[in-house]
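Throughout, numbering of the chain's residues begins at 1 and tracks the sequence. Model, not experiment: these values are computed from the prediction.
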Amino acid sequence: MLVIALDTSTPAVTAGLVELADTRPHSLAERVTVNPRAHGELLTPQLLDVLAEGGHQLGEVDAIVVGAGPGPFTGLRVGMVTAAALGHASGTRVYPVSSLDAIAARTEGNSPLLVLTDARRSEVYWAAYGSRKPYGVRERLTDPAVDRPEELPPRLEGLHVRAAAGESAARHAPDLGLEVVEPAYPSPEGIVAVAGAEVVAGADPRPLVPMYLRRPDAAAPGPPKSVTAERGRT
């Protein structure tokens with residue numbers, strides 16, 4: 001099966017063409033560019049590049065898998081809107097997956113793991129993972145959440161986490177007493193692995209709902225303040 005993988009939940013703009021066979025995703029072509037200000041400009045050209053390099057056209061693809069976050073509002077919606085548009089245009093199923101799950105799926109070993117990505121505002125998106133399931137996907141020990149790094153130790157008690165992956169691991173893992181491991185960003189193979197069982201079974205995808213975990217930084221303006229003119233005194 002041929003699967004397109006997309007993710008814009010982190011500073012990395014990710015597009016890939018992945019072959020899914022024998023319960024193991026294999027990347028045919030991929031582009032991962034770390035540029036937090038160019039998701040909209042880079043994603044579609046990268047997708048066209050991987051289709052050309054892989055020697056396939058959009059109509060030959062069996063499914064599209066897209067990272068649904070958690071991630072910042074502006075970047076995350078680029079990948080999800082692109083995936084939805086491609087799915088609608090080609091009649092292809094679009095499967096949303098957790099971007100944290102995608103990072104966890106491509107780590108080495110089987111020990112408990114923490115995935116950390118940048119949530120801005122001095123916070124991180126995070127989730128903890130245990131042993132592996134089919135397609136290399138790790139069992140999630142906690143729901144995805146957003147917190148300050150210093151708030152994590154009590155939340156990790158009893159989970160026996162020893163290592164951390166994700167873009168924020170290098171910055172915060174030493175303070176948490178954890179080893180830093182790769183990858184830093186979601187990869188096409190990891191993205192497809194998370195939805196592998198659903199794709200192979202031809203299951204109906206879950207709704208394309210982005211995982212923000214908090215309100216966007218931008219907010220609608222409130223009602224204008226009333227102004228009472230003071231009468232001049234004589």
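Proximity of E19 to M1: side-chain heavy atoms (C-beta onward) are nowhere separated by under 4.5 Å. At a threshold of 4.5 Å between non-hydrogen side-chain atoms, the residues V192 and V199 do not count as touching. Using a 4.5 Å cut-off on side-chain heavy atoms (C-beta onward), L152 and W126 make contact. In this structure the side chain of V124 never reaches within 4.5 angstrom of the side chain of T117, judged on heavy atoms. Two residues are said to be in side-chain contact when any heavy atoms from C-beta on lie closer than 4.5 Å; V13 and V32 fail this criterion. Using a 4.5 Å heavy-atom threshold, the side chains of I4 and V18 count as separate. Within the 4.5 Å cutoff, side-chain heavy atoms of L6 are placed close to those of L86. Inter-residue side-chain proximity for D101 and R138 is flagged as unmet; no heavy-atom pair is nearer than 4.5 Å.
Side-chain contact check for S9 and D7: at least one donor-acceptor pair (N or O, by modelled atom type) lies under 3.5 Å. Side-chain contact annotation: T107 with E182, donor-acceptor N/O pair under 3.5 Å absent. Between the side chains of S168 and D118, no donor-acceptor pair of N or O atoms lies under 3.5 Å.
Two different hydrophobic clusters hold Y129 and Y135 under the rule that ILVMFWY side chains link at heavy-atom gaps under 4.5 Å. Both V137 and Y95 belong to a common hydrophobic cluster when Ile, Leu, Val, Met, Phe, Trp and Tyr are linked at side-chain heavy-atom distances under 4.5 angstrom.
Every side-chain contact (heavy atoms from CB on, under 4.5 Å) that A102 has, sequence neighbours left out, goes to P186, I191, V194. Partners of A84 by side-chain contact (heavy atoms from CB on, under 4.5 Å), not counting sequence neighbours, listed by chain and number: L208. Applying the side-chain contact (heavy atoms from CB on, under 4.5 Å) test to P210 and every residue at least two apart in sequence or in another chain returns L76, M80, Y212. For D175, there are no side-chain contact (heavy atoms from CB on, under 4.5 Å) partners two or more places apart in sequence or in a different chain.
The CG atom of L141 lies 10.0 Å from the NE2 atom of H160; values are rounded to the nearest 0.5 Å. Separation of atoms CG (L176) and CG (L156) is listed at 7.0 Å; rounding is to 0.5 Å. From L114, atom CG reaches atom CZ of R155 across 12.5 Å, with rounding to the nearest 0.5 Å.
In E108, the CD atom is not crowded: 12 or fewer heavy atoms of neighbouring residues, nucleotides or ligands sit closer than 6.0 Å.
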Can you give me every donor-acceptor pair (side chain of residues 56-74, partner residue at least two apart or in another chain, under 3.5 Å) with its distance?
| residue | atom | partner | partner atom | Å |
| --- | --- | --- | --- | --- |
| H56 | ND1 | E60 | OE1 | 3.1 |
| E60 | OE2 | Q57 | N | 2.9 |
| D62 | OD2 | L2 | N | 2.8 |

What side-chain donor-acceptor pairs closer than 3.5 Å can you find for residues 24-31, not counting sequence neighbours?
| residue | atom | partner | partner atom | Å |
| --- | --- | --- | --- | --- |
| S27 | OG | E30 | OE1 | 2.8 |
| R31 | NH1 | E53 | OE1 | 2.8 |
| R31 | NH2 | E53 | OE1 | 2.8 |

Determine whether Y185 and E167 satisfy the following criterion, side chain to side chain contact (heavy atoms under 4.5 Å, CB included), listing intermediate values before the conclusion. CA-CA 6 Å; Y185 302 105; E167 62 169 313; 3.6 Å; yes
T14 and T8: side chain to side chain contact (heavy atoms under 4.5 Å, CB included), yes or no, with the steps? CA-CA 6 Å; T14 300; T8 57; over 6 Å; no
Give the intermediate values and the outcome of side chain to side chain contact (heavy atoms under 4.5 Å, CB included) for residues T142 and L159. CA-CA 9 Å; T142 66; L159 299 180; 3.8 Å; yes
Take L116 and Y125 through the side chain to side chain contact (heavy atoms under 4.5 Å, CB included) test and state the conclusion after the steps. CA-CA 6 Å; L116 298 165; Y125 298 116; over 6 Å; no
Run the salt bridge (Lys or Arg N to Asp or Glu O under 4.0 Å) check on E189 and R106 step by step: do they pass? CA-CA 8 Å; E189 290 179 346; R106 297 302 296 168; 2.7 Å; yes
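Closest heavy-atom contact between V146 and A119: CG2-CB, 3.8 Å.
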